[in-house]
Amino acid sequence: MMSVRIAMLGFLAVITALAMPAAWGQTAPAGNAHPDTALVPEGESPNPFGNGMAPSGFSVEQKIEFAREVDLSPLRDLAVFNAGRVKILDTLARETVETLTGRKNYFDVRQQDGERAKKAAYDPLFTYLDLLIDPTYYFDKPLVHIEYLPLRRAMAERATQDPERREALMRMTRLSPMTISQTFAAVAEEHATDLPFSESLQRVRRLLGIFEHGHTALLLVAPDADPVEWQPISALPADDPARMAFRAMGEAWRSGDAAGVNAAAAEIASILPSINAEQYPDTQRRLEAVYNASKPFEYGYWLYAVSLLSLVLAFGTGRKWLVALGLTTLVVAITLHAFGFAARWAIAERLPIQNQFESMTGLALGGAIVGMLLMIARRQWLFGAAAAGVGFLVLLAATQTAIPGASIGREAAILNTSYLLKYHVTTVLVSYGLITLGFIVSLFYLGTHYAARRRDPEAAAFAAEGLGLDSAKVNAGPQRVLSDLDTAQMTVLQLAFWTLGVGILLGAWWADHSWGRWWAFDPKETWALLTWIIYLIIIHVRFTTKRNRALVTAWLSVLGFIVMLWTYFGVNLILPGLHAYA
Amino acid sequence: MSAKWERSKAWDNRHIPAWAWPVKTLLRTFSSIPLAVCLLSFVVLYGVVASVPIGMLALIPTYLIYGLTFVGVVALVAGGPVLLIRRVFPMGRAGRFTITVLAGIALVIIGGELWRHLLWPLLRYDPVHETGLRLFPAFVEAYDATTLRRLRGFEMTEPQFYSWWPMRLALFLFVTNMVTATIRRIEFIFPNLGVLTVHTGIVVMALGSMHYHALKQEGDTVLFASFTDPDAPGPMATSFYDRDIVALWVNQEGRGWEQRPLRWLPRYNDYDVLEGDPALDMPAPPTRFAFADPDIALRVVGYASYADLIDGWQVVEDGPASADASPLMDLELLSSVPTADGDASQRPVADMRLAADSPANRIFSLRGVMSVEFVPDEQEQRWQDLTRKWDDAGEFGLVIRVPGEGAEALHLVKRGDVVEVGGYRIEVKQLLPTPPFPIITAGYEGAESSVAIVDVTPPEGESFERYAYHRFPEINQDILGTQADGRPIRRDADAAIGISFIDATAINAYLREDGAWAVRLPGGGLVQGRVEVGETIPLAPAIDLRLAAVHSAGVQREIPQVVPPAQREKDLIGNHAAAAMEVEVSLPSGWSQTIWLPFTKFMGVGANADRQVALPDGRTLRLAFSRLSRELPGIGLRLVDFEMIPYEHSDVPRDFMSELLVVDLETGETSMHTTRLNHPFIHRADFRADERRGGLANALGWAISGIAPNQYKFSQAGWDAEGWKQSKQQVKAGLADRPRAAFTILGVGNNPGIYIIAVGAVMMSVGIPWAFYVKPLIMKRRRDRLKKQAMESAATSRSKTNVVREEAAAPVGAGA
């Protein structure tokens with residue numbers, strides 16, 4: 001065993017010492033770029049809902065009430081061509097609202113007499129249509145997300161002299177279109193040579209473009225043949241029922257006639273699928289509607305959280321029902337997670353591991369499944385808890401932070417034309433999942449170790465019981481439990497080490513096949529190799545450490561996890577390279 | 001500790017005499033695993049500094065402080081209460097555990113939120129207001145995108161940095177360590193088959209990689225579609241451009257281009273571009289294929305990593321004055337106007353280099369606010385006019401001279417005024433900040449000046465219109481009416497009446513080479529003086545002009561204008577794409593001349609790539625800065641067709657396809673191939689025996705070509721996106737039948753020995769699981785078998801013992 005580890009060191013030597021001059025540069029070849037798929041396409045078309053530039057007749061309360069009364073469900077799964085693919089209107093609405101506001105839902109603040117101010121969140125589809133039909137309502141509302149803090153501060157400082165109001169704007173993170181238009185020119189002039197400012201101002205300009213020209217994204221009319229592009233409603237004859245229904249809906253909306261809106265929505269939903277019906281998707285859009293409604297990754301991390309908490313409590317209490325609850329929720333979580341992954345696969349018409357968000361969902365799924373399989377094979381609940389931990393942490397990070405790629409879209413062409421991609425990326429993601437799994441097992445080890453060190457007699461015994469270890473070992477003292485935990489962490493780390501090594505080699509194969517060079521010292525390649533070396537060190541340090549080698553392994557596993565996080569996120573988001581899409 | 005390691009140490013003790021203890025120590029050191037761990041740690045650190053900008057590394061302490069404050073707050077909020085709860089509430093151990101976990105989670109969340117709302121706003125760094133906590137902010141900002149290898153003194157690409165001697169030494173030591181430890185520690189037995197496989201794989205990969213390294217070539221080539229017939233193959237390409245190595249291209253009097261490789265040319269920093277830049281002196285000697293005369297020496301003496309070449313004025317220190325030389329003056333505009341944050345220190349806000357003899361370059365102007373002019377020495381009369389004191393306030397002055405009458409007068413005028421001097425009647429028609437039409441007089445192209453348009457009525461003869469320029473009285477013109485076709489009838493200004501126009505609507509500073517200066521303030525006030533180099537001239541409250549330098553001669557030539565870092569495209573950094581280099585051409589006679597060359601990605605494609613140098617003896621050189629060109633392996637490529645394959649209903653690329661006509665340059669045979677993303681065209685250059693070499697050498701070459709064939713891959717690497725887009729518009733307009741691209745770019749790379757590397761990789765991939773999973777199974781079975789044998793042996797021995805005992809216990813003579 002020892003010797004093979006020594007031998008593995010040679011792998012490093014081969015890659016770094018002997019092949020390095022094989023790589024000559026980092027210029028990204030064609031097909032490596034993410035397709036430029038804007039939410040709002042270039043060009044102009046009339047607003048199908050009619051001109052909505054008249055002052056809005058809605059107060060906040062009226063708007064909230066109106067939103068409750070209208071039934072937009074018939075429109076939710078209408079097909080629309082946007083950003084290079086056919087999606088459903090609900091998806092377009094979600095993407096638009098999130099892009100514009102930086103939140104999943106836009107909300108108004110309602111102040112009632114004698115009560116605290118309350119937030120009233122709107123359905124993204126309602127907000128989306130409201131932006132198209134009644135845009136003046138939003139002129140003075142905090143709508144546009146200003147991500148770059150100095151820009152937000154610069155605009156807020158120009159918008160108001162009141163320090164409290166200014167701080168409120170800063171906290172809100174969003175500014176109204178009116179505030180932006182009043183301050184944009186002055187801020188742009190003052191920071192003309194400041195690159196971060198210029199980039200942020202360009203982004204704000206794009207967001208205002210979505211606000212002002214969002215209706216041009218409504219390519220709702222299916223073409224009569226494949227190569228032909230989808231058309232806006234205005235492409236239909238003036239007396240077409242669909243076109244008239246859109247106009248009627250706009251008028252009813254602006255006048256607050258919910259019944260009229262509902263009737264028009266139902267009519268639109270019945271007409272549009274019948275236009276060039278052979279090109280109009282059916283199963284696909286229903287699946288996408290289910291995918292949107294089920295929120296598999298959001299509910300997934302909650303289920304994983306319940307499972308993790310149950311199993312952790314089971315460790316300490318030894319309650320069998322907690323183990324049962326934890327395992328049941330784990331199975332449900334993995335099932336929902338797998339459904340989300342599969343549904344995304346079907347909707348995107350490609351393996352959904354081609355951007356950061358997708359790879360995170362794939363990584364978490366891989367880690368959770370392997371953890372569950374190890375649990376079954378080893379009959380140790382510990383692996384189940386670790387699997388739940390992987391699912392919870394990764395899905396939480398994927399869904400609750402600004403991880404790019406949450407929207408389903410077209411990805412770089414280079415990714416869609418390779419059969420090797422599936423094996424390379426999948427293997428690497430599984431290895432990352434296993435590293436996370438190993439990290440959590442190592443945390444269990446560290447927790448147990450330090451609890452035992454504090455001479456807490458409960459911890460190790462409970463851990464053994466909750467872990468599903470042989471009950472005979474419970475009374476064998478904490479060292480026996482720690483020994484089992486060490487075996488568990490090594491099981492996972494060895495597997496992670498092997499899969500990461502194979503994944504790197506598969507990537508080298510892909511690079512040689514596609515670009516004619518197998519190693520380019522791209523930052524992602526370098527850091528994947530460094531991550532692998534960390535685990536190589538972990539394995540070797542065990543031979544050099546006479547005492548506490550399991551403890552050293554556990555701490556190095558934590559370090560390895562941190563390095564993997566940098567490889568996975570830091571390199572992608574900060575260091576330029578050929579793997580910008582990963 | 002393995003038995004073999006024990007035997008190895010025993011062998012050392014037996015065979016290595018005491019006096020050879022260094023050998024023994026070395027052997028033991030290279031057999032040790034801690035050395036491997038140390039070397040691996042070094043490799044990790046090396047990789048970190050190679051890939052992470054040093055400014056980002058400097059952020060680590062800051063983020064550690066952030067993290068510690070977070071942990072501190074969370075520990076403070078969660079730790080104490082949790083311990084208290086555990087002590088206060090009397091409950092069983094299960095209950096205590098549950099309450100610890102649940103209360104711990106809740107309190108950690110509360111602690112985190114407290115940190116986020118109370119501490120984080122104070123810690124978070126705002127680069128604009130420089131508030132919050134950040135250690136080494138200036139360093140972080142200066143080097144936020146600069147890795148160690150990009151600094152001066154390194155100037156390496158990633159592969160170059162990884163193949164630098166410290167890394168090579170570490171890896172050499174590591175491999176030595178690995179081999180030694182393997183031989184001295186590992187038993188060569190069946191369960192170790194995984195290890196042996198992995199080791200063999202490493203050796204195979206090492207050999208393959210060395211072969212690969214020795215013969216690797218990589219670059220790209222551009223193939224054009226036919227310019228005349230869209231359905232015919234385009235022109236043939238027989239070479240490609242190296243991905244990394246650049247060359248100085250030289251062509252003397254049309255003898256053909258030769259390349260002089262520049263393997264260690266800088267790529268990230270500037271040399272000899274701005275004052276303070278370090279110098280560069282890199283010879284560019286001729287190669288075996290030189291065409292230029294050997295007495296012409298070429299050296300690279302400057303490098304601008306990211307710059308635009310613009311026409312500028314360069315000082316001629318000792319060279320002979322040429323006809324196009326001009327005195328130069330360097331000036332700085334200084335401001336001490338308080339900034340938004342109250343900074344009232346004096347700081348440069350603009351610098352300028354003015355050339356007295358170049359009308360377009362002698363003036364620096366912030367139109368409507370201020371201007372600075374370097375007045376040529378020979379314009380003595382004009383200097384007198386410019387420095388003439390005005391008795392009254394005014395915005396425009398006309399100095400009118402009638403030499404025939406001996407009359408001269410200054411008149412402060414405004415539009416519509418009429419003045420009479422020496423019998424001439426002058427009516428001011430227009431006073432314009434710029435002429436109504438551009439100045440097209442030869443030598444004055446691009447020059448700007450305010451102008452007074454006056455009607456002049458002489459004592460006798462026809463009246464005419466006079467255009468009097470503030471800056472250039474020498475090109476004043478008279479308009480005598482219009483021709484039949486409407487064009488004006490022009491003539492040089494009638495010398496019988498001279499009109500100098502002085503514009504005093506803004507601050508106008510005038511300087512001469514001898515240091516004399518005058519500032520005409522708005523309203524006509526005049527301040528005069530004399531300035532030395534390094535001194536300042538007051539222009540306005542808190543605005544000064546500093547004379548930085550005066551040069552007696554300078555010439556106009558292409559010079560690099562450095563692009564500010566904030567405006568640089570990341571894709572163009574480090575690959576010379578936006579670079580320029582300065583080359584010195586010299587002769588044994590001592591003559592030399594330098595010239596800046598812009599980088600050209602594809603030499604021979606497009607215009608304006610090369611620059612010409614005329615030698616004093618009449619010879620001429622054309623020079624260019626481009627990538628090294630290499631020959632394709634015996635084939636030529638012609639583009640037959642290109643297609644971008646989009647996703648349904650969209651313009652989003654799904655794939656790119658180039659259809660190629662491949663021509664064997666030796667036989668003339670042709671074949672059709674396509675290349676798409678992830679599906680390169682692979683050309684395998686067959687082994688051809690060389691009669692000049694021996695049979696054994698040919699046999700060896702044939703054998704090597706069998707396991708490591710000389711194959712080239714041509715992969716889709718770039719395309720004419722803009723041309724494709726335009727032709728799609730033509731299709732929509734009915735002007736074309738389908739979209740087309742004017743060119744395609746193919747990546748070219750050979751991969752000699754890749755099969756050998758692949759075999760090694762497979763062996764490693766198979767060997768690892770054997771070692772991790774198969775070997776423990778084998779060993780467990782062996783242990784079980786041994787245990788079973790031991791038990792059987794024990795049982796047998798017990799039964800034998802029993803028999804003996806029984807026999808011993810039997811009555812004497814019972815068996816008899």
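This one's a predicted model, so the numbers in the text were calculated from it and none came from an experiment. We name chains A, B, ... by the order of the sequence lines, and we start the count at 1 in each one.
Here the straight-line distance linking atom CG of B:Leu39 with atom CD1 of A:Ile533 works out to 11.0 Å at 0.5 Å rounding. Remark: B:Ile33 CD1 to A:Arg542 CZ distance equals 12.5 Å, nearest 0.5 Å. Taking CG of A:Leu322 as the start and OG1 of B:Thr98 as the end, the distance is 7.5 Å to the nearest 0.5 Å. Summarising the geometry, atom CH2 belonging to A:Trp532 is positioned 9.0 Å from atom CG belonging to B:Leu40; distances are rounded to the nearest 0.5 Å.
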Working for side-chain contact (heavy atoms from CB on, under 4.5 Å), residues A:Asp512 and B:Lys713:
CA-CA 9 Å; A:Asp512 172 70; B:Lys713 292 193 174 184; 3.3 Å; yes
Residue pair B:Thr157, A:Phe521: steps toward the side-chain contact (heavy atoms from CB on, under 4.5 Å) verdict:
CA-CA 10 Å; B:Thr157 61; A:Phe521 278 106; over 6 Å; no
Give the C-alpha distance, both sets of side-chain angles, the deciding distance and a yes or no for side-chain contact (heavy atoms from CB on, under 4.5 Å) between B:Tyr46 and A:Thr526.
CA-CA 11 Å; B:Tyr46 198 92; A:Thr526 303; over 6 Å; no
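Using a distance-only test at 3.5 Å, with no hydrogens or angles considered, a donor-acceptor pair links the side chain of A:His513 to the main chain of B:Asn678. Listed for the A:Trp498 side chain is a donor-acceptor partner under 3.5 Å among the backbone atoms of B:Ser765.
Using a 4.5 Å cut-off between heavy atoms, B:Leu102 contacts chain A through its side chain alone, with no backbone atom that close. When heavy atoms are compared at a cutoff of 4.5 Å, B:Asp220 does not approach chain A at all. With a threshold of 4.5 angstrom between heavy atoms, A:Arg85 does not approach chain B through any atom at all. Both the backbone and the side chain of B:Val48 come within less than 4.5 Å of a heavy atom of chain A. If you measure heavy-atom distances from B:Thr100 to chain A, you find no contacts under 4.5 Å at all. For A:Leu309, the part sitting under 4.5 Å from any heavy atom of chain B is the side chain, from C-beta outward, and nothing else. If you measure heavy-atom distances from B:Arg124 to chain A, the contacts under 4.5 Å come from the side chain alone. For B:Ile745, no part lies near chain A; criterion is any non-hydrogen pair under 4.5 Å. Heavy atoms of A:Leu313 lying under 4.5 Å from chain B belong to its backbone as well as its side chain. With a 4.5 Å cut-off on non-hydrogen atoms, B:Val101 touches chain A through its side chain but not through its backbone.
Under the 4.5 Å side-chain criterion, counting only non-hydrogen atoms from C-beta, B:Asn751 is not in contact with A:Trp518. Side-chain contact between B:Phe772 and A:Ile539 is present, with heavy atoms from C-beta onward closer than 4.5 Å. The shortest distance between side-chain heavy atoms of B:Tyr773 and A:Thr491 does not fall below 4.5 Å. Looking only at side-chain heavy atoms (C-beta outward), B:Leu677 and A:Ser514 stay at 4.5 Å or farther from each other. Using a 4.5 Å cut-off on side-chain heavy atoms (C-beta onward), A:Gln494 and B:Ile768 make no contact.
Shortest non-hydrogen contact noted between A:Gly84 and B:Tyr647 is O-CB, 4.3 Å. The heavy-atom pair separating A:His540 from B:Val37 by the smallest distance is CB-CG2, 3.8 Å. Among all heavy-atom pairs drawn from A:Arg517 and B:Glu218, the shortest one is NH1-OE2, 2.8 Å.
Here B:Pro769 is the residue among B:Pro769, B:Pro680, B:Gly749 with the most heavy-atom pairs under 4.5 Å with chain A. No other option in A:Val502, A:Thr531, A:Val86, A:Val312 has as many heavy-atom pairs under 4.5 Å with chain B as A:Val312.
With sequence neighbours excluded, the residues that form a side chain to side chain contact (heavy atoms under 4.5 Å, CB included) with B:Arg184 are B:Trp5, B:Ser8, B:Asp12, B:Leu27, B:Arg28, B:Ser31, B:Thr180.
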